[in-house]
2 protein chains.
Amino acid sequence: MNITIEDIRNKLIEKGLKITPQRISILQAVYVLNNHPTADNIIEYIREAHSNIATGTVYKVLDTLVENQLIRKVKTDRDIMRYDGIMEKHHHLYCSTCDLIEDYIDEELDNILSEYL
Amino acid sequence: MNITIEDIRNKLIEKGLKITPQRISILQAVYVLNNHPTADNIIEYIREAHSNIATGTVYKVLDTLVENQLIRKVKTDRDIMRYDGIMEKHHHLYCSTCDLIEDYIDEELDNILSEYL
DNA sequence: TATTAAAAAAGAATAATTCTCATTTAAGAA
DNA sequence: TTCTTAAATGAGAATTATTCTTTTTTAATA
Ligand SMILES: [Mn+2]
Ligand SMILES: [Mn+2]
Ligand SMILES: [Zn+2]
Ligand SMILES: [Zn+2]
């Protein structure tokens with residue numbers, strides 16, 4: 001179930017967003033890095049793959065993707081924003097020591113929370 | 001149930017902390033401002049009351065007070081730390097629009113959460 | 001009163017994010 | 001295809017809450 005560049009283009013098109021190499025790279029990076037990367041992780045990843053990209057562009061594009069519900073922002077205890085390409089409802093297990101975020105699905109917890117009016 | 005300067009001195013003494021005018025002012029400010037003030041709220045409040053204080057001192061003292069469990073840090077959606085002088089266990093209702101934090105006590109919720117192993 | 005470790009003052013440094021503005025480009029029109 | 005232009009990007013300066021560094025002051029104890 002690897003996501004292709006074509007899939008990414010389609011996601012952008014569905015949202016009526018202009019297709020740019022930067023947007024494709026960034027969305028792909030979020031998927032590939034897939035453990036809630038920081039903006040910096042994404043910048044590093046894209047620059048390693050030989051294409052340069054401006055820092056401001058990355059933040060701008062990430063915001064656009066969040067606004068269009070293609071990715072999500074994840075806050076942690078630290079002052080660095082994390083990004084999440086998984087849009088299905090899920091919780092996070094978070095270790096404040098090493099700043100690791102693990103996806104966590106628990107229907108029982110969901111039920112308890114939704115029953116609590 | 002107003003907290004006096006003497007109460008504040010005693011709290012500091014109980015924790016084995018040196019009594020300084022800055023520590024007294026800051027802890028008092030947290031109590032008086034009492035709606036989860038920012039470091040800046042505290043600085044403004046103390047400076048209005050005619051005494052000058054260094055920004056770094058306020059952050060340092062707040063950290064000391066947190067370490068000694070005299071106050072708590074409260075994170076919000078914004079990048080500004082809030083401080084809480086109420087040490088009894090309580091939840092927070094948070095409005096991300098106006099950044100207001102309201103204390104919230106709900107034993108039923110506490111029970112549900114503690115029963116959820 | 002003298003001693004001294006701890007605290008505070010002052011202001012520079014940090015760093016993630018945002019902002020500004022000149023340049024480039026994607027996408028639709030002709 | 002070429003033209004047009006609103007939108008996107010690049011480059012780097014600006015922002016800002018917080019931390020750090022160094023010097024000076026002070027609270028607590030003897
Ligand atoms: Mn996740
Ligand atoms: Mn509170
Ligand atoms: Zn860990
Ligand atoms: Zn509100």
So do the side chains of [X] and [Y] get within less than 4.5 Å of each other, counting heavy atoms only?
X       : Y       : result
B:Arg23 : B:Lys18 : yes
A:Asp63 : A:Lys73 : yes
A:Ile3  : A:Leu27 : no

> Would you say the side-chain atoms of B:Thr4 and B:Asp7 include a donor-acceptor pair closer than 3.5 Å?
Replying inline: yes
> So, A:Asp110 and A:His91: side-chain donor and acceptor under 3.5 Å apart, yes or no?
Replying inline: yes
Roughly how far, to the nearest 0.5 Å, is the [atom2] atom of [Y] from the [atom1] atom of [X]?
X       : Y       : atom1 : atom2 : answer
B:Asp99 : B:Thr38 : CG    : OG1   : 9.5 Å
B:Arg9  : B:Glu14 : CZ    : CD    : 14.0 Å
A:Ile43 : A:Thr55 : CD1   : OG1   : 4.5 Å
B:Leu33 : B:Ile46 : CG    : CD1   : 8.5 Å

> Does B:Asn34 have any side chain to side chain donor-acceptor pair (under 3.5 Å) partners at least two apart in sequence or in another chain, and if so, which?
Replying inline: none
>> Within residues 48-70 of chain A, which residues have any heavy atom lying less than 4.0 Å from an atom of DNA chain D?
In response: A:Asn52, A:Ile53, A:Ala54, A:Thr57, A:Val61
> Near DNA chain D, under 4.0 Å by heavy atom, which residues of residues 73-83 of chain A?
Replying inline: none
> What's the shortest heavy-atom distance between B:Lys15 and B:Asn68, and which atoms?
Replying inline: CE-O, 3.0 Å
>> I need the minimum non-hydrogen distance between A:Arg72 and A:Glu88, along with the two atoms involved.
In response: NH2-O, 3.4 Å
>> Near DNA chain C, counting only heavy atoms under 4.0 Å, which residues of residues 28-42 of chain A show up?
In response: none
> Which residues within residues 92-99 of chain B lie with some heavy atom under 4.0 Å of an atom in DNA chain C?
Replying inline: none
>> Assess the residue pair B:Asp40 and B:Val58 against the criterion (side-chain contact (heavy atoms from CB on, under 4.5 Å)); give the C-alpha distance rounded to whole Å, side-chain angles, the decisive distance to 0.1 Å, and a yes or no.
In response: CA-CA 9 Å; B:Asp40 224 51; B:Val58 173; over 6 Å; no
> Do the side chains of A:Ile13 and A:Ile71 join up, straight or via other hydrophobic residues, at under 4.5 Å, putting them in one cluster?
Replying inline: yes
> Does atom NZ of B:Lys75 have more than 12 heavy-atom neighbours, drawn from other residues, nucleotides or ligands, at distances under 6.0 Å?
Replying inline: yes
Collect all protein-nucleotide pairs involving nucleotides 26-30 of chain D in which both atoms are nitrogen or oxygen and the distance is under 3.5 Å.
residue	atom	partner	partner atom	Å
D:dA27	O3'	B:Ile19	O	3.2
D:dA28	OP1	B:Ile19	N	2.7

> Which residues, ordered by chain and number, are linked to B:Ile86 in its hydrophobic cluster, where ILVMFWY side chains connect at heavy-atom gaps below 4.5 Å, directly or through other members?
Replying inline: none
> Hey, what else clusters with A:Val74 if you join Ile, Leu, Val, Met, Phe, Trp, Tyr whenever side-chain heavy atoms sit under 4.5 Å?
Replying inline: A:Tyr94, A:Ile101
>> Given B:Val30, which partner from the list B:Leu65, B:Leu70, B:Leu62, B:Asp84 fulfils the side-chain contact (heavy atoms from CB on, under 4.5 Å) test?
In response: B:Leu62
All N/O contacts under 3.5 Å from nucleotides 22-24 of chain C to the protein, with atom names and distances to one decimal?
none

>> Considering only residues two or more places apart or on different chains, which pairs with a residue in residues 40-87 of chain B satisfy ring pair (Phe, Tyr, Trp, His ring centres under 6.0 Å)?
In response: none
> What pairs of residues pass the ring pair (Phe, Tyr, Trp, His ring centres under 6.0 Å) test when at least one of them lies in residues 4-37 of chain B, not counting sequence neighbours?
Replying inline: B:His36-B:His92
Every protein N/O lying under 3.5 Å from an N/O of nucleotides 13-15 of chain C:
none

